[in-house]
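Data first, discussion second: the structure below is written as structure tokens.
Not measured: the values here are computed from a predicted model. The sequence lines fix the lettering, A, B, ..., with proteins before strands; numbering per chain opens at 1.
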Amino acid sequence: MPGKIVLCRCEDMTLADLEHSVARGYTDIEEVKRYTGFGTGPCQGKECLAVVGLQLARLTGQPPSAIPPFTSRPPLAPTPLRLLARAPDAHRFPDDPPDDE
Amino acid sequence: MQAGIDDEDDEARADASGQMRLPATLAGEGPLPASAEIVIVGGGVMGLAMAYHLAKRGLTDVVVIERGYLAEGASGRNGGGVRQQWSTEINIRLMQESVELCRRFAVDLGVNVWFRQGGYLFLARSEREVARLAKNIDLQNRCGVATRMLDPREALGIVPELDITGVVGAAYNPSDGILFPWPFLWGYARQAAALGVKLFMQTPVGSIDAEPAGGYTLRTPRGAIRARRVINACGAWSPKLAQMIGVEVPTYPIRHEICSSEPLKPFLRPMVSELASGLYCSQSMRGEIVGGVTIPGHASTYSMGSTLEFLATYARRLTRLMPILGDVKILRQWAGPYDQSPDGNPILGAPAGHPDFFLACGFVGHGFMMAPIIGKLYAEWLTGDAPHDIFGRSQLARFFDGSGAGLAKEDFNIG
Amino acid sequence: MARRLASHDALRGPAVEIRVADTSVRAFSDESVAAAAVASGTRILGRSLKYHRPRTYFCLEGHCSGCLVRLGGVPNVRACLAPCEPGLEVAGQNAFPSAEIDLLGAVDFVFARGMDHHTLMTSSSILNKLTNKIVRQLSGLGKLPAHRPDHGPPEVESREVDVCVIGAGPAGLAAATACARAGRSTLLVDDQLRPGGSLRADPRTGRAVADARLDAVDAAGAEVLARSTAIGFFPEDGGGVLAVAAPARLYRVHAKAWIWATGGYPVNLPIADNDRPGVIAARAVGRLLVEHGILAGDKIALVEVPEVAADIDALAAALTAAGAEVTRVPLARALGVRGRGWASGLDTRDGRVDCDLVAVAALPAPASEGARQQACEVQLDAAGGGYRIVVDPDGRTTTPNVWACGDVTGYMGPARAAQDGDRIAANLCGEVR
Ligand SMILES: Cc1cc2nc3c(=O)[nH]c(=O)nc-3n(C[C@H](O)[C@H](O)[C@H](O)COP(=O)(O)OP(=O)(O)OC[C@H]3O[C@@H](n4cnc5c(N)ncnc54)[C@H](O)[C@@H]3O)c2cc1C
Ligand code: FES
């Protein structure tokens, strides 16, 4: 049996999974993302978005330029909570402890 | 492992459901049919739940029209929380029924929704908040929901990662839970389609004309469709659709941001929420910590951009509540619209002068958990059953004629 | 088998000892944990989420997630972006009992044809409940951190500059140097352990050239933030703010003009079992050789697309000179990877190629997601490698005051990228005062 062709390493999404998703009618790149999970892992699509986009164009018979990317969401790389917690942007609630605590 | 049997089962189902392919129109092809008995505008969980339940009751001449892709609205952007801890009897009772539907969903509709009843733990940081929880618990217990008050030590027993400094009490109901939202939409959409409902994605409704002879004509880039009845299931966009026929709906969109962490091995059982900040977080079936926080004072907007303010506020409150998460990383943040209702209660039924135009909005931040039961009750009413209590008390008119004055206001829209 | 080349020894930093899966590993302080793992023959670092397939380094530049490890008690840390510090404790993840021998790897065999977990076990409520329980236990990658962060609260710093350049590869280094020389206050942000981008993976340039160009940026007066990742462009502060995350610091950056020079990510090629350990980006193989003096394999099968032939000529020659046996296979002839634990061969239309490493050379995929947050238009383009930023002939994106150069605008290779950076910087400086 031929092995799996992996398109998204983080979520174990294969070319067969993409074909399955398209066959089920989920053909918008945002729908494919939600159905197969591709692009939702630690790399957030860095390794897979372009590859999936090109394969999706092929499977749906569209030119690549007709396939938009899925929405780019911050943070662009996994960011620890402790780093964000000190940003001056945080809203202060009445019960918030002072900063130097 | 028993996985060998799983595989057999999966293959069998794949074959059976292969016949339930979503129609090609979902991919954005083909014109609209000339007419339908009911046109549902909005392919979020509310519209799709109604479509499914209508079709199941035999009313299959239904067309669902969605502006974007499946799950583009709030239904594809929420936290998946399901709870019975409410402050009004009607919401408690409705949610008891909805929980039952959620429990059966995977088997009834053939798609996993990963509904996990790990409970909901609400934390109070003042005696006033404790009193508020106590009042709700009393009502919930009378309705048969087993919520109980915990002292901080007991809360720690349920979530050992908590820093309980400053926590004075907590409300805990073990049968609340979380689900994975998207499969709900797939399940409703597929099964509705299998029963004959037609679904059109990427199809914005641009205008609606009330026909003198009754019914409505809805215009879209895919052509016009004549509907005997219209259901406005546009969530936060409902006021815009209602305006097309001159009806003023007083709900307004509030951007609500949310984020997800890297996947971690399971450790967090309940959804944890804090009254003081509206902070909430739970661990999804994939292991991610999914949560948000309510930042007060923001103006109404349809913008779904992400802010640093949210990320910083969430990080600050969450690492205070669970310091061990300090080195846990955020993978992704996004936003969706809360459909804010002036009195916290939904707006259902037909407005005055438009007996064939139905509203289903104003569900603030809990429309997802309500959709299974509201969709069912709506379908029962529209196919001839007597309307459930909720429809009488949720009329639009209450904002204009004072009839809402005596109604209990839902004030537990936390998170 | 991978090995350190003696010819590089004089260039290495001080030797250190780290612990990988409770075994002591000799490393050098200028290596990433992943590079040290490669050199020591540590092959598998974790298991994947769904099928529990073995996972290890692929890109060696922080963009693929293959090398996630538990590091000093913190889960899901990228080994390729972590410097080797003495005594560091590194452990594998998501495997039982160990990453090398994972009993849950059975999932991969049982679902050899793949599985749709959405419809799995929905036929009865008892089976469904059981599935939910099992899936929850299998979910997640790393375990909760072992302790609260013990370091002091990280600082937040602000930067106000004329030009912020994101990405310090050939294009970004050139652009930052030119902007600073033209008298613009310039900030250069780069996420790698050492800035230089693909220069540090290319035998035609290498360490010395990368260091020299970095010195030039310094000499011109620009500030360089290394190990600093642009994590998002947010709407705050009126004109927007770029948040940049460094290991112990968050920067809030305001700039009059922005230049995206983020290049492209090394990506995989669609052949069977392309995710097997031992399948590594060609650029990563180059990086190990050029930056670290590590030869990643003795018999290397190089699968390539025609567009990158010129770059690959240089790499293949350098690998051969270092003592490897290199077989080049066009993608059109490649079928699949052999070997379960580690690649041991490549099936091609012309028969099997025995190897101990498969290097894949695809077009790099433009790293355009940051620019997308500034509403720059991108377009999917096969020849460009993916979603390239759309620019006019002068390098302007569709968003005012946002410019782009190098591979992020579509693949052009290192030499042209450097020229592009120079040119676009000049255009920008002529316009933004
Ligand atoms: C961040 C966030 C977290 C939340 N957390 C929870 C939670 O934990 N639990 C919970 O129960 N609820 C939660 N909610 C609330 C819940 O998501 C919503 O109440 C629910 O999804 C509303 O469903 P809907 O179908 O009414 O609206 P939507 O899902 O918004 O669907 C409306 C649809 O109508 C479409 N539409 C609009 N205008 C037109 C037009 N002119 N023509 C055609 N189509 C149109 C839209 O594109 C949209 O898809 C949360 C919401 C947000 C934003
Ligand atoms: S992220 Fe480290 S090898 Fe790719």
Go through the atoms of [X] and report whether side chain, backbone, both or neither lie under 4.5 Å from a heavy atom of chain A.
X	result
C:A246	backbone
C:L363	neither
C:V267	both
C:P366	neither
C:L269	neither
C:F233	neither

Can you measure from [atom1] ([X]) to [atom2] ([Y]) and round to the nearest 0.5 angstrom?
X	Y	atom1	atom2	value
C:D275	A:C8	CG	SG	10.5 Å
C:C59	A:E47	SG	CD	7.0 Å
A:Q44	C:H63	CD	NE2	13.0 Å
C:S48	A:M13	OG	CE	14.5 Å
A:C43	C:F58	SG	CZ	11.0 Å
A:L7	C:N268	CG	CG	9.0 Å

Who among [options] has the most heavy-atom pairs with chain A under 4.5 Å?
options	answer
C:V74, C:V337, C:L335, C:V156	C:V156
C:G232, C:A365, C:C64	C:C64
C:Q379, C:R372, C:R249	C:R372

Are the side chains of [X] and [Y] in touch, meaning some heavy atoms are under 4.5 Å apart?
X	Y	value
A:D12	C:R55	yes
C:R78	A:P78	yes
A:P42	C:N76	no
A:L49	C:E369	no
A:V51	C:P270	no

**Prompt:** Mind checking what makes side-chain contact (heavy atoms from CB on, under 4.5 Å) contact with C:A245, not counting sequence neighbours?
**Reply:**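 With sequence neighbours excluded, C:A245 shows a side-chain contact (heavy atoms from CB on, under 4.5 Å) to A:T79, A:L83, C:I231, C:L250, given in chain and number order.
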**Prompt:** What's the shortest heavy-atom distance between A:L76 and C:G370, and which atoms?
**Reply:**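 The pair with the smallest heavy-atom distance is CD1-CA, 3.7 Å.
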**Item:** For the student: nearest non-hydrogen atoms of A:P74 and C:Q373, plus distance
**Value:**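 Residues A:P74 and C:Q373, closest heavy atoms: N-NE2, 3.1 Å.
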**Request:** Using non-hydrogen atoms and a 4.5 Å limit, figure out which bit of A:T71 sits close to chain C: side chain, backbone, both or neither.
**Result:**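 A:T71 touches chain C through backbone heavy atoms alone.
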**Request:** Just give me the residue among A:P75, A:A87, A:S72 that pairs up with chain C most often, heavy atom to heavy atom, under 4.5 Å.
**Result:**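 Sorted descending by pairs with chain C, the first entry is A:S72.
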**Request:** Name the option with the most non-hydrogen atom pairs under 4.5 Å to chain C; the candidates are A:C10, A:G37, A:A57.
**Result:**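 Greatest number of close heavy-atom pairs with chain C: A:C10.
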Pairs of donor and acceptor atoms involving the side chains of residues 59-70 of chain A, under 3.5 Å and at least two apart or interchain, shall be tabulated with distances.
| residue | atom | partner | partner atom | Å |
| --- | --- | --- | --- | --- |
| A:T60 | OG1 | A:L56 | O | 2.7 |
| A:T60 | OG1 | A:Q62 | NE2 | 2.8 |

